[in-house]
Amino acid sequence: MEIKLSDLWNVFKKVFLIMLIGGLVVGMFTYIFSNAFGKKAYSSSAQFFMDPNKDGIDVKDYTSYIVYCKENVKVLTKTELAMRNLLGYIDVMHAAEPENPDYILENVYSPGTLVGRCTITMAPGDYDASFTVTFTTPSSHDAMVLLKAYAATCNEQGSRVFGDNLAIKATVEGFRPGTQTSPHPFRNACIAFLLVALAVYFIAYLIAVLDTRLYNADDLKQHFGKYPILGQIPFVKEKEKTNEKEEEKAE
Amino acid sequence: MISINKNKIVQFFRRPFEKWNKRHTFTDKSTSYAEFLLDEKKYSVMDEAFRMTRTNLMYVGCAKKRAVCFGITSGRPNEGKSLTCANLAISFAMAGKHTLIIDCDMRNATQHRIFEKNVTRGLSEYLAGICEEPDVLKDVRPSLDVIPAGQTPPNPAELLYNGRLDNLIKQYKYEYDYIFIDLPPISLVSDATIVSALLDGYVFVVQSGVSERKTLEDSLAQVEAVKGNIVGFILNAVMEQDGKGYGKYGRYGYGIPASEKPEERK
């Protein structure tokens with residue numbers, strides 16, 4: 001089947017308004033719906049600084065520790081065991097200190113619901129290495145609790161693996177609470193607008209292509225050019241009966 | 001192997017949008033046609049449209065001394081054949097031509113309803129041999145006579161074969177300038193092709209936005225198969241956005257019954 005640019009343009013001209021209005025209406029609904037019912041999530045992050053306590057320790061010596069911490073974040077949010085370790089630590093600490101808000105989570109988490117990310121950067125100044133951990137949670141407070149718990153578990157693990165020889169500590173600094181990562185009402189509205197506009201156009205084009213009815217002299221000439229068009233009789237609206245009656249009354 | 005029926009796909013996609021393209025037809029038998037007939041006292045764009053059509057048709061068979069006989073038909077029913085036929089004949093009559101309409105659509109007789117006349121003996125009675133001559137409705141308009149279809153017979157196609165219509169048309173060809181035969185739709189029944197030998201040409205009424213390309217192709221092929229002469233098309237009920245050359249048409253309508261509220265096609 002041949003697709004002509006003129007056909008595409010003609011269909012576009014015909015359905016442009018429907019595309020625009022349909023897209024705007026659906027986009028608006030999507031915006032409202034996303035805002036009202038979309039599951040909110042905040043991305044909170046903190047920098048973990050690796051601070052060698054002893055002089056003369058080479059950065060290379062604790063690179064493996066940084067790599068361990070980094071990998072742990074990846075594993076943490078994907079495996080049930082690592083997740084259970086982190087949440088288990090918070091539970092234990094909460095049991096010990098029930099009033100401490102650092103060990104109270106506002107939401108219930110299970111493997112898969114928590115999203116974490118870790119990036120490693122070399123920090124200038126006193127600190128030799130640092131990495132950033134980001135947790136995406138329904139509340140900023142939970143992110144803070146998780147970040148602190150994570151730092152604690154990292155340090156526990158670190159001292160268990162490397163012993164006292166490598167006395168480095170992960171410390172949480174520069175905590176940035178809650179930038180909303182989802183839902184994205186405006187982005188969703190834009191996507192809805194585009195999808196609806198495209199769908200309307202596609203359906204209209206399909207109808208136009210599949211429509212084999214004859215509408216005007218051009219259609220007749222195109223398909224039955226062998227025979228002449230003797231005349232074109234216009235379609236006009238019927239006489240309005242109410243007006244007719246009024247005219248009769250006036251007479 | 002899976003075979004794809006294109007027509008079924010077309011129907012599937014089209015069905016939800018049928019209402020958009022709905023055009024009104026005179027299916028209601030009680031509808032009055034008077035409002036939609038040409039009137040020499042009133043000028044309308046329809047007058048001009050039929051005048052142009054008349055001018056084009058006058059070139060066909062202009063060298064003949066006898067009456068020129070046109071068969072007005074269409075691919076499928078309810079495309080406005082009968083009303084177009086009547087208005088075309090009125091247009092010729094208004095030009096001073098002695099014109100006759102023969103309602104050959106015995107299955108759906110319309111001409112007597114258009115001109116609001118009662119019929120006792122129509123074409124079907126004549127063809128069946130019940131009477132020697134059909135009733136001719138004289139001067140339904142100045143210079144315009146009508147032979148109505150009469151009662152619906154059980155076998156219209158067979159009646160058209162019996163040769164009596166040939167005699168009738170031969171007789172009237174010397175009395176009239178133009179004869180318009182209102183024929184049934186070609187795609188449904190064979191009546192319209194049976195009379196091909198009697199006609200100088202077929203005029204196809206094509207209703208804008210309703211007539212199917214395939215149906216028209218098939219109908220034209222049927223006429224060509226019986227060596228019928230196709231004079232051309234009359235494009236009927238052309239809407240403002242479909243047609244070219246028409247401005248606002250005014251409030252008076254064509255192709256819609258007065259009893260129904262008009263619907264705009266999208």
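FYI, side chains are in, hydrogens and waters are out, and symmetry mates aren't considered; it's all heavy atoms of this structure. Here is how names work: the chains are called A, B, and so on, in the same order as the sequence lines, proteins then strands, and each is numbered from 1.
Taking CZ from Arg213(A) and CG from Leu216(B), the interatomic distance works out to 14.5 Å, rounded to the nearest 0.5 Å. Met52(B) contributes atom CE, which lies 10.5 Å from atom CG of Leu230(A) (distance to the nearest 0.5 angstrom). Atoms CG and OH, from Leu235(B) and Tyr215(A) in turn, are 12.0 Å apart once rounded to the nearest 0.5 Å. Going from atom CD1 of Ile233(A) over to atom CG of Leu88(B) covers 7.5 Å, rounded to the nearest 0.5 Å. The line from CD of Gln232(A) to CG of Asn236(B) is 10.5 Å long, rounded to the nearest 0.5 Å. Atom NZ of Lys226(A) sits about 7.0 Å away from atom CD1 of Ile230(B), to the nearest 0.5 Å.
Considering all non-hydrogen atoms of both residues, Gly231(A) and Thr53(B) come closest at CA-OG1, 3.4 Å. Nearest heavy atom pair, residue Thr212(A) against residue Glu212(B), reads OG1-OE1, 2.8 Å.
For Ile229(A), the parts lying near chain B are the backbone and the side chain together; criterion is any non-hydrogen pair under 4.5 Å. At a 4.5 Å heavy-atom cutoff, the contact between Glu217(B) and chain A is made by backbone and side-chain atoms alike.
With sequence neighbours excluded, the residues forming a ring-ring contact (aromatic ring centres under 6.0 Å, His included) with Phe180(B) are Phe70(B), Phe92(B), listed by chain and number.
Within a 6.0 Å sphere centred on CZ of Phe33(A), other residues, nucleotides and ligands contribute 12 heavy atoms or fewer.
The list of ring-ring contact (aromatic ring centres under 6.0 Å, His included) pairs with a residue in residues 210-236 of chain B, not counting sequence neighbours, reads Phe224(A)-Phe233(B).
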